[in-house]
Amino acid sequence: MPLSEHEQRLLEQMERALYAEDPKFASALEGTGLRAYTRRRVYQAAAGFVVGIALLMGGMVAQLIWVSVVGFLVMLGCAVLAVTGWKRSPAGHGGARPGSPPAARRKAGVMDRMEQRWQRRRDEQSGL
């Protein structure tokens with residue numbers, strides 16, 4: 001369930017206060033450990049993808065279809081792991097600095113503008 005606008009403002013105020021009071025502690029809480037774990041997971045998935053390519057090619061050269069199929073499955077699994085690890089990375093979201101608008105608020109702003117435009121068009125058409 002998304003936070004209300006009031007709750008988001010309170011959370012932002014608390015984050016700002018934490019950064020102002022103890023910036024060292026706040027930066028430690030940002031999730032650098034999670035970021036390193038995610039990066040390592042993506043690198044491991046990339047290495048597994050290369051191993052899958054090697055298995056696929058090796059199976060084709062040796063004319064062993066099952067080795068090629070296993071290689072393809074390894075490639076597929078590693079690609080999924082890399083993409084999900086990349087999407088969950090805190091660099092893209094979650095670790096927002098105080099003062100920067102959260103993604104939910106930016107989306108709400110865009111949605112509000114679209115809704116206002118839609119309403120304006122509707123009003124113009126009904127006024128004709």
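We use all heavy atoms of the structure for the numbers below, so side chains are in, but hydrogens, waters and symmetry mates are not.
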- Nearest 0.5 Å please: distance from the CD atom of Glu12 over to the CZ atom of Arg9.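 Separation between the atoms: 9.0 Å.
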- Message: Just verifying a value: how many Å separate Ile53 CD1 and Met75 CE, rounded to the nearest 0.5 Å?
- Response: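 Going from the CD1 atom of Ile53 to the CE atom of Met75 covers 5.0 Å.
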- Query: Do any N or O atoms from the side chain of Glu7 and from the backbone of Ser4 form a donor-acceptor pair under 3.5 angstrom?
  - Reply: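 Between the backbone of Ser4 and the side chain of Glu7 there is a qualifying donor-acceptor contact (under 3.5 Å).
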Who pairs with [X] by side chain to side chain contact (heavy atoms under 4.5 Å, CB included), at least two apart in sequence or on another chain?
X	answer
Arg121	none
Val70	Leu55, Trp66, Val74
Gln13	Leu10, Arg16
Val80	Thr84

- Message: Please determine whether residues Leu64 and Phe72 belong to a single hydrophobic cluster, defined as Ile, Leu, Val, Met, Phe, Trp and Tyr linked transitively by side-chain heavy-atom distances below 4.5 Å.
- Response: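 No: no chain of side-chain contacts under 4.5 Å links Leu64 to Phe72.
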- Query: Is it the case that one hydrophobic cluster holds both Phe49 and Tyr43, taking links as side-chain heavy atoms less than 4.5 Å apart, direct or via other members?
  - Reply: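 They do not share one cluster, since no chain of ILVMFWY contacts under 4.5 Å joins Phe49 to Tyr43.
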- Item | Shortest non-hydrogen separation from Arg41 to Leu81 and the atoms involved |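 Heavy-atom minimum between the residues: NH2-CD2, 3.1 Å.
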- Query: What closest approach, in Å, do Met60 and Ser68 show between heavy atoms, and which atom pair accounts for it?
  - Reply: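 Shortest heavy-atom separation between Met60 and Ser68 comes out as N-OG, 3.1 Å.
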- Hydrophobic cluster of Val50, others only, ordered by chain and residue number, side-chain cut-off 4.5 Å: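 Members other than Val50 - counting any ILVMFWY side chain reachable under 4.5 Å - there are none.
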